[in-house]
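Working notes for the structure below.
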Amino acid sequence: MDIKKLFSMQRQLDERIETERGLRGERLVERKLLALLVEIGELANETRCFKFWSSKPKAAEETILEEYVDGLHFILSLGLDLSLHEHVKWPHVQESKSLVEQFLHVFEAVQTFRKKMDEQAYDQLVYAYAQLGHALQFNAEQIERAYVAKNEVNHERQSHNY
């Protein structure tokens with residue numbers, strides 16, 4: 001995965017949104033953290049991995065992948081906002097926890113990052129999110145392609161006053 005390319009694309013999207021929404025210079029970290037948590041919740045909801053009371057099947061793989069990259073947009077954006085992106089490489093994950101455990105681990109990583117907002121906590125968040133992608137059975141190429149496609153959709157939405 002070319003994570004530097006994704007950071008560059010994210011920077012362009014963030015700058016566009018901040019300019020067009022009159023948010024230049026405004027600190028958006030807390031809002032982005034909340035947005036990330038919401039996106040992770042939406043992703044969990046689409047997988048239905050925790051819904052032991054329901055027999056309804058999970059969403060289609062493409063829907064789950066799109067929700068996954070929605071969260072990735074905010075992780076990249078947070079790295080840019082706090083200048084933690086320069087050293088980041090997309091981790092090669094060999095194993096992950098069960099899906100429920102992995103979601104809980106990602107939520108914990110977000111909270112740790114929120115408290116510390118340092119390079120180590122950011123790296124742990126990126127790794128936990130990559131582990132979640134692995135648990136969802138997505139590879140780096142799928143994630144990158146889906147990110148690029150969703151980034152394009154997000155620009156289109158901005159063009160139409162989303």
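Side chains are part of it too, since the values below use all heavy atoms of this structure and drop only hydrogens, waters and symmetry mates. Model, not experiment: these values are computed from the prediction.
- Looking at heavy atoms from C-beta onward, W90 lies in side-chain contact with L72 at the 4.5 angstrom threshold.
- Looking at T47 and K58, their side chains never bring a donor and an acceptor atom within 3.5 Å of each other.
- A single hydrophobic cluster is not seen to contain both L36 and I17; linkage of ILVMFWY side chains at heavy-atom distances under 4.5 Å, directly or through other members, places them apart.
- The number of heavy atoms from other shown groups lying within 6.0 Å of CD (Q137) does not exceed 12.
- Hydrophobic clustering, with ILVMFWY side chains joined whenever heavy atoms are under 4.5 angstrom apart, keeps L104 apart from I40.
- Counting heavy atoms of neighbouring residues, nucleotides and ligands inside a 6.0 Å radius, atom CD of E30 exceeds 12 of them.
- Residue E67 holds its CD atom at 6.5 Å from NZ of K150, rounded to the nearest 0.5 Å.
- Other residues, nucleotides and ligands contribute more than 12 heavy atoms inside 6.0 Å of the CD atom of E18.
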Would you please test L43 and D70 for side-chain contact (heavy atoms from CB on, under 4.5 Å) and show each step? CA-CA 9 Å; L43 173 59; D70 284 348; over 6 Å; no
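- For the residue pair H160 / Q158, no side-chain donor-acceptor distance below 3.5 Å is found, with atom types taken as modelled.
- Under the 4.5 Å side-chain heavy-atom criterion for ILVMFWY residues, no single connected hydrophobic cluster contains both L84 and L13.
- V148 places a side-chain heavy atom less than 4.5 Å from the side chain of L6.
- In terms of heavy atoms, S77 sits closest to D14 at OG-OD2, 2.6 Å.
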Should H85 and K4 be marked as a side-chain contact (heavy atoms from CB on, under 4.5 Å) after you check the CA-CA gap, both sets of side-chain angles, and the distance that decides it? CA-CA 8 Å; H85 63 287; K4 291 193 183 314; over 6 Å; no
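- The pair E26-R21 does not meet the salt-bridge criterion, since no charged nitrogen lies less than 4.0 angstrom from a carboxylate oxygen.
- No donor-acceptor distance shorter than 3.5 angstrom exists from the side chain of S83 to the backbone of G79, with no hydrogens or angles considered.
- M9 contributes atom CE, which lies 4.0 Å from atom CG of N151 (distance to the nearest 0.5 angstrom).
- Between S159 and R16 the shortest heavy-atom distance is OG-NH2, 2.7 Å.
- Between V29 and M117 the shortest side-chain heavy-atom distance falls below 4.5 Å.
- Side-chain contact check for H105 versus K97: some heavy-atom pair is nearer than 4.5 Å.
- Counted by atom type alone, R48 and S55 present zero donor-acceptor pairs between their side chains at under 3.5 Å.
- Residues L82 and Y127 do not share a hydrophobic cluster, clusters being chains of Ile/Leu/Val/Met/Phe/Trp/Tyr side chains in contact below 4.5 Å.
- Residues L65 and L136 fail the side-chain proximity criterion, which asks for heavy atoms closer than 4.5 Å.
- Here the closest heavy-atom approach between residue K89 and residue I3 is recorded as CA-CG2, 4.2 Å.
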Give the intermediate values and the outcome of side-chain contact (heavy atoms from CB on, under 4.5 Å) for residues R24 and E15. CA-CA 8 Å; R24 282 280 186 190; E15 287 175 356; 3.6 Å; yes
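- Shown are F103, F74, Y129; of these, the ring-ring contact (aromatic ring centres under 6.0 Å, His included) with Y68 is made only by Y129.
- S98 and E101 share a side-chain donor-acceptor pair at under 3.5 Å.
- Linking ILVMFWY residues whenever their side-chain heavy atoms come closer than 4.5 Å, directly or via other members, leaves L76 and V93 in distinct clusters.
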Verdict with reasoning, Y147 to M1, per side-chain contact (heavy atoms from CB on, under 4.5 Å): CA-CA 11 Å; Y147 175 88; M1 175 184 298; over 6 Å; no
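- For H134 and N139, the side-chain atoms include no donor-acceptor pair closer than 3.5 Å.
- Contact record, I75 with Y122: O-OH, 2.7 Å, taken as the closest heavy-atom pair.
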